Amino acid sequence: MTWSLAFPNLLVGLREGLEAGLIVTILIGAVRRLAPGRSLASVWLGVVAAAVLSLSFGAVLTFTRAELSPHAQELFGGTTSLIAVALVTSMIFWMRRTARALSGELREQVGRALTAGGLALAVTAFVAVAREGLETALFVWTNAQAAGSSGSPLAGALLGLVLASGLCVGLYRRVLRVNLARFFTVTGAVLIVIVAGVLAYGITDLQEAGVLPGLDRLAFDLSAQLPTGTWWSETVRGITNLDNRMSWLSVLGYLSYLLITLVAFFRPSRPAAQAAPDQPAPKAAVAAAAELAGSAPANPSGRPDRRRLAVAALLIVPVLVAASWIWLDGRGTQPMASDHRVTVTDQSCAADWTEPTAGSRTYSVANQSSHAVDIELVVSSGQAIVAEIEVLGPGTDRELPITLGPGSYNWKCVYAGASSRESASRTVHPATDQPGLVTNTLRPVTAAELAPVAARYRTYVTGRLDLLDRQVNALAADLNRGDRAAAQQDWLAGHLTYHQLGAAYNAFGEAGAAVDGLASGLPLGVRDPGFTGFHRIESALWSGSVTSGIVGPARALVSSVRALRAQLPKFSFDPNDITLRAHEIVEDTVRFVLTGQDDYGSGSGYRTAQADLAGDRAVVDLLAPLLQQRSANLVPAIHRDQAVANAALARGVATGAAVRHADRVTRQAVNAAISQLAETLAPIPDLLELRNP
């Protein structure tokens, strides 16, 4: 067990266990005092039901997250982290505020329950304990995800609960004296530090899920100076939940929570109201625990309490619900044999992989490291990829179907923020019952193969920008002369040329936004000074505004195009970005062009979409040799779907209508064709991904 990773959950188990234990002792003491002859079975029944509910809740959390997609895992983990932060923070302040009056409140509830019967008493115990149990389950699970360890956090929580049970027994037997006020103050302060780290972890998860911005805006990156895996770095990370690489938003959330919560926690509280005469003194919890003398008498009638049996039957409901949830989520499978399971840790990559045999099987891949990991099974000679899992989160498992023919293979683990590791090579011998078995592999793409593609793409963009420069100068000249008709023609020619660049997803940054930015998101919309470029001119040209008022925006467009040309040599065309471009161009077409969002009066949406497809065809042609080596049928399928989409767009252009005003048949035909093309293009990024070394 790694103590640094176990400590946060040990503290949670100790504190929450002691709270729950004190509540149970107070409940028992109240029953003993108010009804000396009453059986304690109802109290214990409620306690056990609360424990079963808490364990079932923890199981649902664990198995629900394990098979989610990477994006959903980050969203689920981030959301539960924030919920855990809110619940534990409220628990810390609730215990600080109500500890003195806790015994009296519970006594009053027990008194009402005794008059109602055994069922009411069991429900009282269940409700009182379930809150602590559910909070413990949620926070222990969340903290385990943040720690990235599968065993140590759980062991720490169990040890904390054991220690809490020992303390409660000591209080019961009057052999221990604990200053509970000081205990809850110290543990509360330490928990606040731990919870602040969980908050930072949750913010990072939500950033990785795309819910929060700023993932790439780092406050610090100490990966080189503070590598993960060493005992001292793991100690700091395990106790604080802080990473060696954090965004500004995570750091701001951590420091803000820590400062505000600690100040509020240590602020002197107002004097508590004087307890009622029948309530215990300030040390109510200890005093109530001291009353636990004697034993429960047997049931005088000797007959079972039907209401108690009904409550006992309800003990299985949480288990059944949790099991059904897990089964419906596809989790109700038996554990696989050891030779079908591989484990990733911070120190090793698939060290438990045993000698494989030829044939088809499904491996269970478990990430027990503190990092997200890309894991691949590769052919040892040449590193061709047999199967892979992208972004397997810490503490999660995923199944990976694999068919292995004769040859040597090894696993490769690429850690986020840490050095890659590889497993030992294992040999698969030919199978006598499957003599022709062949392993399907994906040939990895090298930087040397993609470098010429990037160079040709840069040449293509340069040529388009040279043409664009001439066209926008002609547009400016038209507006200087006041020739609206010529300006509209030259505007359309220039705008289509720009879309043929394939500048999807703001590929050129602010320089591209100055040329073809939209008004959406600007405070004043089309009247905002920040609204510039082609669409600023379009909104004026087709609205009847005087041409003299557009001369200034046209000159600004000329300057923006020249600035883009000047910056082109400085743009870094990441090879992986180029492989994404073919798909992203069509995504932008669907998102902006075919919805009419980028139409400010020209009604040229279908012609703009044709220009997008021309740019998409240029990118696909650059990538075609590499694609044909890895998927022989993909390029012909892309060309076929591009032809179908262009034919549908040609019919849309022939109608002369803007996208928003086209008839339903035309819109449906275009949307179906473009959507099919986008689906056909989708495998390109995975096929041509430049793998990490």
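Position 1 is the first residue of the sequence; numbering continues from there. Fair warning: this is a prediction, and the values are worked out from it, not measured in the lab.
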Step by step, work out the side chain to side chain contact (heavy atoms under 4.5 Å, CB included) result for Thr608 and Leu496. CA-CA 6 Å; Thr608 300; Leu496 297 182; 4.0 Å; yes
Is there a side chain to side chain contact (heavy atoms under 4.5 Å, CB included) between His499 and Asp516? Walk through the geometry before answering. CA-CA 9 Å; His499 273 258; Asp516 200 47; 3.4 Å; yes
Verdict with reasoning, Trp411 to Val344, per side chain to side chain contact (heavy atoms under 4.5 Å, CB included): CA-CA 10 Å; Trp411 293 90; Val344 181; over 6 Å; no
With side chain to side chain contact (heavy atoms under 4.5 Å, CB included) as the criterion, how do Asn410 and Val378 come out once you've worked through the C-alpha distance, each side chain's angles and the decisive distance to 0.1 Å? CA-CA 6 Å; Asn410 64 274; Val378 301; 3.7 Å; yes
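To the nearest 0.5 Å, atoms CG (Asp612) and CD (Gln610) are separated by 10.0 Å. Atoms SG and CD, from Cys413 and Glu422 in turn, are 9.0 Å apart once rounded to the nearest 0.5 Å. A distance of 11.0 Å separates OH of Tyr606 from CG of Asp599, quoted to the nearest 0.5 Å. Here CZ of Phe592 is found 10.5 Å from CD of Glu587. Values are rounded to the nearest 0.5 Å. Atom CD1 of Ile684 and atom CD1 of Ile578 lie 12.5 Å apart (nearest 0.5 Å). Arg581 contributes atom CZ, which lies 7.0 Å from atom CD1 of Ile585 (distance to the nearest 0.5 angstrom).
When all heavy atoms of Ala658 and Gly603 are compared, the pair lying nearest together is CB-CA, 3.7 Å. Between Val515 and Ser560, the shortest heavy-atom contact is CG2-CB, 3.9 Å. When all heavy atoms of Tyr460 and Ala614 are compared, the closest pair comes out as OH-O, 4.5 Å. When all heavy atoms are compared, the tightest approach of Ala678 to Val586 is CB-CG1, 3.8 Å. Annotation for Leu518 and Asp598: closest pair CD2-CB, 3.7 Å, computed over non-hydrogen atoms. Pairing each heavy atom of Thr532 with each of Ala514, the nearest pair is OG1-O, 3.3 Å.
Within the 4.5 Å cutoff, the side chain of Leu400 has no heavy atoms near those of the Thr362 side chain. Side-chain contact check for Leu594 versus Thr589: some heavy-atom pair is nearer than 4.5 Å. Val453 places none of its side-chain heavy atoms less than 4.5 Å from the side chain of Thr579. Counting only heavy atoms from C-beta outward, the side chains of Leu492 and Gln489 never approach each other to under 4.5 Å. Considering only heavy atoms from C-beta on, Asp588 stays 4.5 Å or farther from Val593 through its side chain. When side chains are defined from C-beta on, Arg341 counts as touching Asp397, because their heavy atoms get closer than 4.5 Å. Taking the side chain as every heavy atom from C-beta outward, Tyr498 and Val561 never approach each other to under 4.5 Å. In this structure the side chain of Val342 reaches within 4.5 angstrom of the side chain of Asp352, judged on heavy atoms.
The salt bridge (Lys or Arg N to Asp or Glu O under 4.0 Å) check on Asp490 picks up nothing, with sequence neighbours excluded.
Listed for the Trp491 side chain is a donor-acceptor partner under 3.5 Å among the backbone atoms of Phe534. A side-chain donor-acceptor contact under 3.5 Å links Arg421 to the backbone of Asp346. Remark: the backbone N or O of Ser348 is paired with a side-chain donor or acceptor of Thr345 at under 3.5 angstrom. Judged by distance alone, the side chain of Asn367 and the main-chain N or O of His371 form a donor-acceptor pair under 3.5 Å. The backbone N or O of Leu627 sits nowhere less than 3.5 Å from a side-chain atom of Ser631 that would complete a donor-acceptor pair. Here the side chain of Ser675 pairs no donor or acceptor atom with the backbone of Ala672 at under 3.5 angstrom.
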Show the atom names and distances, to 0.1 Å, of all donor-acceptor pairs under 3.5 Å that link a side chain in residues 636-647 to residues at least two apart or in another chain.
| residue | atom | partner | partner atom | Å |
| --- | --- | --- | --- | --- |
| His639 | NE2 | Arg617 | NE | 3.4 |
| His639 | NE2 | Asp621 | OD1 | 3.4 |
| Asp641 | OD2 | Thr680 | OG1 | 2.5 |
| Gln642 | NE2 | Asp616 | OD2 | 2.9 |
| Asn646 | ND2 | Gln642 | O | 3.3 |

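Using a 3.5 Å distance cut-off with no hydrogens or angles, the side chains of Ser602 and Glu538 do pair a donor with an acceptor. Between the side chains of Thr497 and Arg464, no donor-acceptor pair is found at a separation under 3.5 Å.
Within 6.0 Å of CD on Gln567 lie more than 12 heavy atoms contributed by other residues, nucleotides or ligands.
The residues Asp469 and Arg565 are annotated as salt-bridged, a charged nitrogen and a carboxylate oxygen being separated by less than 4.0 angstrom.
Ring geometry for His535 against Tyr600 counts as tilted: the plane angle lies between 30° and 60°, on a 0 to 90° scale.
You'll find the ring centres of Tyr409 and Trp353 outside the 6.0 Å limit.
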